[in-house]
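Every number for a ligand or one of its atoms is a count from 1 in the order of the listing.
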Amino acid sequence: MAMKQSEILFKTQKTPPKDEVAVNAQLLIKANFVDKLMAGVYSYLPLGFRVREKIEKIIRKEMNALGAAEILMPSLQPKAIWDATGRWEGLKKIMYQFEDHAGHDVGLAVTHEEVVANLAQGLIDSYVDLPKSVYQIQAKFRDEPRAKSGVIRGREFTMKDMYSFHTDEKSLDEFYEESKKAYIKVFERCELKAYVTEASGGDFSKSFSHEFMVETSAGEDETYLCRLCGFARNKEIADFKKGERCPGCGAGVLEKVKTVEVGNIFKLGTKYSEGANLNFKDEKGNLRPVVMGSYGIGIDRLMGTAVEVHHDDKGIVWPPEIAPFQVHLLTIGAANEELQKFAESVYHKLCEQGVEVLHDDRVKISAGEKFYDADLIGIPWRVVVSDRMMVQEKVEAKKRNEKNSKDMKPSEFLKVLKK
Ligand code: ATP
Ligand code: MG
């Protein structure tokens, strides 16, 4: 997959919007990945869209490996299913709720436990139907009071939410542990170290949960962390004294650090199945409520967190697996026909080999601007073609996170890239 910069809706911004304080939003807006419509609501432009696709691809692979099947549920939901679990009133402050023209109360999805439990109710009858799991990648709406963290806290955002259904706690526990491992894999592929953190059930469930916390000064959460063994506990559920020893390993000293919650897994028990009459017949023919779990990852939040962790004073430094492209090809110099031909030939050579290339083929843009933009956008490899390079039939290749470039033939570069 390749793109020419001259052909896409693209313009980097020199100054970020004044009302954006978060580094992730400043960089993503400056580099033209997102456009802000209002507080906590963003459009995703061609580059940003590709990063989302990369993240979604990683997540789909890991969720499918757990045996979960992808579905899609609606954002617009009737009040009745939320009344059945008693959450319509409780979520009033955060859920967009309104009356439609026919006079029915409806709301926009803050999460999907109610919908998924209702639909599963028609599909699960007996223990032979269990365990099962489904997931979706879909929009959520929350009237967040403090939408100041850029795409890390949106009022409209995309979540991967997965739900699992079980006959008993033991089956839930097994799936829960597998999901933990899958989550760690997802975050590792995004080059984020996520600490599995003990947390409370929060607003959405009363039972125990685990949060996946990434350390960054942009974090809104505070976590006690042991760097020795990885023990982590949310400050919301425990306060440790300064310098206290880790209760996990007894050797490390706990540190209080700022973190972003990129994912969250919950053992829901039977709360939502009871609301939706989601029961199954056990081996003895007794009717019992289905035991559920729910598992979330914020797509936009993951992207924003990656930017917070992977950037420098010049711009974003994308982890390769979620970079919009692998190679940023820059044509530098006077727009003479010969140079353009050479640049095209390099472009096609890379495309033929399946390399994802963004070609900065824009004319009337100075070399300085192109280099500035390339650093801001943060694609892992920058490959320059210029008149000087053309006479040697070479390109100048440089990694985004390294200082020095190297001149090489396009074929040599392909070898380096594939290593
Ligand atoms: P927080 O405590 O940060 O408000 P939460 O605990 O309410 O989040 P969940 O309801 O568990 O979040 O949602 C699952 C995942 O969705 C979170 O781990 C996070 O990655 C993502 N998420 C939640 N709220 C937002 C938001 N406003 N914007 C972007 N992503 C979000
Ligand atoms: Mg939370």
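- Contact check on Glu215 versus Arg227 returns a salt bridge, with a Lys/Arg side-chain nitrogen under 4.0 Å from an Asp/Glu carboxylate oxygen.
- We find that Arg87 and Glu113 are joined by a salt bridge, their nearest charged nitrogen and carboxylate oxygen being less than 4.0 Å apart.
- Salt bridge present: Asp312 and Arg400 bring a charged side-chain N and a carboxylate O closer than 4.0 Å.
- Ion pairing of Lys180 with Glu177 is present here, as a side-chain N (NZ or NE/NH1/NH2) and a carboxylate O approach within less than 4.0 Å.
- Which parts of ligand 1 touch Met159 is read off a 4.0 Å heavy-atom cut-off, strictly below it: atoms 13 (O), 14 (C), 16 (O).
- Only the backbone of Val262 comes within 4.0 Å of ligand 1, counting heavy atoms alone; no side-chain atom from C-beta on gets that close.
- Of the candidates Lys160, Glu144, Glu261, it is Glu261 that places a heavy atom closest to atom 17 (C) of ligand 1.
- Heavy-atom contacts of Gly154 reach the following atoms of ligand 1: 26 (C), 27 (N), 28 (N), 29 (C) (cutoff under 4.0 Å).
- Using cut-offs of 30° and 60° for the angle between ring planes, the Tyr183 and Phe212 rings count as tilted.
- Every atom of ligand 1 with a heavy atom of Asn264 under 4.0 Å away is listed here by number and element: 6 (O), 11 (O), 18 (O).
- For ligand 1, the atoms sitting less than 4.0 Å from at least one non-hydrogen atom of Arg142 are 5 (P), 7 (O), 9 (P), 10 (O), 12 (O), 13 (O), 23 (C), 24 (N), numbered in the order shown with element in parentheses.
- Between Phe33 and Trp318, the two ring planes are tilted [angle within 30° to 60°].
- Under 4.0 angstrom from ligand 1, there are no non-hydrogen atoms of Thr111.
- A centroid separation of less than 6.0 Å is found between the aromatic rings of Phe175 and Tyr295.
- Ile152 counts as a contact of ligand 1, since one of its heavy atoms falls under 4.0 Å from the ligand.
- Proximity to Phe266 (heavy-atom distance under 4.0 Å) selects the following atoms of ligand 1: 11 (O).
- The N/O atoms of Gly298, backbone and side chain alike, include one that comes under 3.5 Å of an N/O atom in ligand 1.
- Within the 4.0 Å heavy-atom criterion, both parts of Arg153, backbone and side chain, lie near ligand 1.
- The pair Glu56-Arg60 meets the salt-bridge criterion, with a side-chain N (NZ, NE, NH1 or NH2) lying under 4.0 Å from an Asp/Glu carboxylate O.
- In this structure, of Phe212, Phe141, Phe157, the residue bringing a heavy atom nearest to atom 22 (N) of ligand 1 is Phe157.
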